[in-house]
Amino acid sequence: MPGVQSSLNIIHLGPGNVGKAFLRILLEQKKLIQSVFGIKIIVSGIVRSDKYLFSRDGLSDKEIKKVINKDENLRWLNTPGQTHIKQLMRFIPKKSVLLDTSASDKTVDLLIYQLERGGFAVVSNKKTLISELSDRKKFNPFQQSFFYETTVGAGLPVISTVKDMIESGDKIEEIEGCFSGTLGFIFSELEKGSPFSGAVLAAKELGYTEPDPRDDLSGIDVARKALYPEEMKRLSADEFLSQVHRLDSGYKKRLSNALRERKTLRYVAVVTKNKTEVSLKEVQISGDIGSLKGPDNIIKIRSERYKANPMIIKGPGAGIEVTAAGVFADLLKIIRILRA
Ligand SMILES: NC(=O)c1ccc[n+]([C@@H]2O[C@H](COP(=O)([O-])OP(=O)(O)OC[C@H]3O[C@@H](n4cnc5c(N)ncnc54)[C@H](OP(=O)(O)O)[C@@H]3O)[C@@H](O)[C@H]2O)c1
């Protein structure tokens, strides 16, 4: 078909835990994508914090596998910064994808550059959306080309469901729930008898936390209400992890008080048109929020249409594999747009 795009170039920022799992899915699925949609996926660049690989015609599967396997025997080049990445992007078609699975707070300009030139962007990187409100607003004009489903509830379909409800004329009145898989995991480990520090270290080990777990414990993902004292902000991430046991007795006491009333602790967010409230709450252990287990999220959406009975989305809200699959699902949405 003349004029129909038959290939799609990707520049991938951040081949960390989520990024590598994404690349693994991509290698497994790209043949199927080509046969079902007639689109060849070309990974033109992979960018880390200080180095990159680039080939306009696409990195080979062998090179991508080496990235996944952390084989340093690759021709990484030093990155002189974001401006340099912008220059690389000029070598690939505008209708390409900038895919950000990094944990960097410095990618907003690059993403906006890509969107403004008519390209697509996919992010799992929450920092792009929780920095300054002025930065967040820069993404508003690009609702049809910017995909960020995994920034809320990892692989759960939260953003797309809310968007569908709004676009079909429903009016959202309140969204309540536990939006942080990491905090959900930590408080359900506490219930099992783990100390707070042990739960934080286990969450990091399992890949649920951000590289610096204080990004989760600060509550910034969920709109802030820190779970550690102000003075611990000054520590490095490693110092924090070695001192987090100082918080154990406080959480143990608060949990045992709650358990005496058949309650437990959950980090609950309530969002309405006029307010956003986030806090560690004592909730009934048998209720839908109190009975959450591990990294599960629950998102209860009350709207004009779902008034008496809210729409409930529930499932793992953190995890490398589910997040990577969610990123891949966002990529599929772009492929479907190109094929429409
Ligand atoms: N894990 C989850 O359950 C989950 C769920 C939802 C969303 N997320 C989000 O997914 C993102 C990735 O999480 P992760 O667990 O995979 O983190 P990670 O393992 O720490 O990986 C981060 C990657 O980002 C790269 N990076 C850092 N600065 C960069 C920059 N300026 N440009 C390009 N790359 C850069 C790092 O490069 P180096 O290799 O050079 O250090 C590393 O490869 C995070 O933003 C997180 O918020 C994670």
Side-chain angles (χ1 to χ4, degrees), residues 152-158 161-162 172-210 213-229 232 244-272 275-303 306-319 322-323:
V152 179
L156 300 177
V158 181
T161 304
V162 170
I172 309 282
E173 292 172 355
E174 183 186 270
I175 303 181
E176 182 195 24
C178 293
F179 303 151
S180 164
T182 313
L183 299 182
F185 172 82
I186 288 172
F187 286 106
S188 80
E189 284 301 289
L190 241 62
E191 254 169 60
K192 290 188 206 158
S194 169
F196 185 73
S197 56
V200 172
L201 292 169
K204 182 160 172 58
E205 186 66 32
L206 287 164
Y208 293 153
T209 69
E210 298 295 317
R214 278 171 304 179
D215 286 350
D216 299 280
L217 300 172
S218 68
I220 193 161
D221 275 18
V222 206
R224 266 177 209 274
K225 181 86 184 174
L227 294 167
Y228 56 85
M232 287 182 101
V244 65
H245 62 87
R246 284 166 38 200
L247 307 178
D248 289 352
S249 60
Y251 281 108
K252 191 174 172 190
K253 196 168 165 197
R254 191 159 168 193
L255 179 66
S256 52
N257 288 341
L259 288 173
R260 248 179 261 131
E261 296 174 34
R262 304 198 56 75
K263 287 184 175 172
T264 188
L265 301 179
R266 290 289 180 265
Y267 198 74
V268 183
V270 182
V271 182
T272 67
K275 63 163 195 211
T276 301
E277 275 177 11
V278 200
S279 59
L280 185 63
K281 280 188 177 160
E282 280 79 7
V283 297
Q284 290 301 329
I285 207 160
S286 54
D288 47 14
I289 290 183
S291 61
L292 279 184
K293 292 283 172 258
D296 280 5
N297 282 185
I298 185 164
I299 294 107
K300 298 200 281 180
I301 308 168
R302 217 175 275 283
S303 68
Y306 290 86
K307 215 181 215 22
N309 246 343
M311 158 99 76
I312 296 183
I313 302 170
K314 191 176 167 186
V322 287
T323 307

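Below, all heavy atoms of this structure are taken into account, side chains as well, without hydrogens, waters or symmetry copies.
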[X] versus [Y]: any side-chain heavy-atom pair under 4.5 Å?
X: Leu217; Y: Thr182; result: no
X: Pro310; Y: Ile301; result: no
X: Cys178; Y: Ile289; result: yes
X: Leu280; Y: Phe187; result: yes
X: Leu247; Y: Met232; result: yes

Sorted by first residue and then second, give each salt bridge (Lys or Arg N to Asp or Glu O under 4.0 Å) pair with at least one member in residues 173-182; sequence neighbours left out. Glu173-Lys307, Glu176-Lys300
Review item, side-chain donor-acceptor pairs of residues 188-200, under 3.5 Å, at least two apart:
from	atom 1	to	atom 2	distance (Å)
Ser188	OG	Gly294	N	2.9
Glu189	OE2	Lys192	NZ	2.8
Glu191	OE2	Thr264	OG1	2.7
Glu191	OE2	Arg266	NH1	3.0
Glu191	OE2	Arg266	NH2	2.8
Ser194	OG	Ala199	N	3.4
Ser197	OG	Asp248	OD1	3.2
Ser197	OG	Asp248	OD2	2.8

Stepwise side-chain contact (heavy atoms from CB on, under 4.5 Å) check, Tyr267 with Ile186: CA-CA 10 Å; Tyr267 198 74; Ile186 288 172; over 6 Å; no
Can you tell me if Asn257 and Arg254 form a side-chain donor-acceptor pair at under 3.5 Å? no
Decide yes or no on side-chain contact (heavy atoms from CB on, under 4.5 Å) for Val158 and Phe179, but give the supporting numbers first. CA-CA 10 Å; Val158 181; Phe179 303 151; over 6 Å; no
Minimum heavy-atom distance Leu265-Ala258, with the two atoms named: CD2-CB, 4.3 Å
Scanning both residues in full, the closest heavy-atom pair of Gly319 with Val322 reads O-CG2, 3.5 Å
For Thr323 and Ala154, indicate whether the former's side chain and the latter's backbone hold a donor-acceptor pair under 3.5 Å. no
